[in-house]
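Read through the structure below, which is laid out as structure tokens, and then see the notes.
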Amino acid sequence: MKSEDTPFEGGPMDGRVLPLLLGPTGHPPKTYRIPVPDPDGGPPTVLVYRRVPRGQGKLGLTRQWKYEYDPEGKHGSRLKWPWSKPDATPPGKPDDTDV
């Protein structure tokens, strides 16, 4: 498998460069999650980094990537299909009735 040295910006990994495996399209994963163990034995903290373009290659195509820290760590990479269940209940109180 091919790998590419990919820099990290922001958060605890700022300034580090890690060799990441590339997928079949030649790109690293869109999100990179790093579990950090809790020193007190609790659940691990997960650091989330998002892939962003590092620069432009020939013909304006992105050839290299970097990861930027996402402090909120939202799971925004989930596919949204038309038949998928909604993420949350609609706005308003559950007791509201539209009559």
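Keep in mind that the numbers below use all heavy atoms, side chains included, and drop hydrogens, waters and symmetry copies.
- Annotation: side-chain hydrogen bond (donor to acceptor under 3.5 Å, both in side chains) contacts involving residues 6-26, sequence neighbours excluded, comprise Glu9-Lys66.
- Scored by the side chain to side chain contact (heavy atoms under 4.5 Å, CB included) test, Asp40 finds Asp38 as partners (sequence neighbours excluded).
- Connectivity analysis of hydrophobic side chains (ILVMFWY, heavy atoms under 4.5 Å, direct or indirect) links Tyr67 to Phe8, Met13, Leu18, Leu20, Tyr32, Ile34, Val36, Leu47, Tyr49, Tyr69.
- Closest approach of Glu4 and Gln64 over heavy atoms only: OE2-CA, 4.3 Å.
- Listed here is the closest heavy atom pair of Pro44 and Pro37: CB-CA, 4.2 Å.
- In the hydrophobic clustering, Leu22 connects to no other residue, as no ILVMFWY side-chain heavy atoms lie under 4.5 Å from its own.
- Scanning for side-chain hydrogen bond (donor to acceptor under 3.5 Å, both in side chains) contacts around Glu68 gives an empty result, with sequence neighbours left out.
- Counting heavy atoms from C-beta outward, Pro29 and Arg51 have side chains that stay 4.5 Å or more apart.
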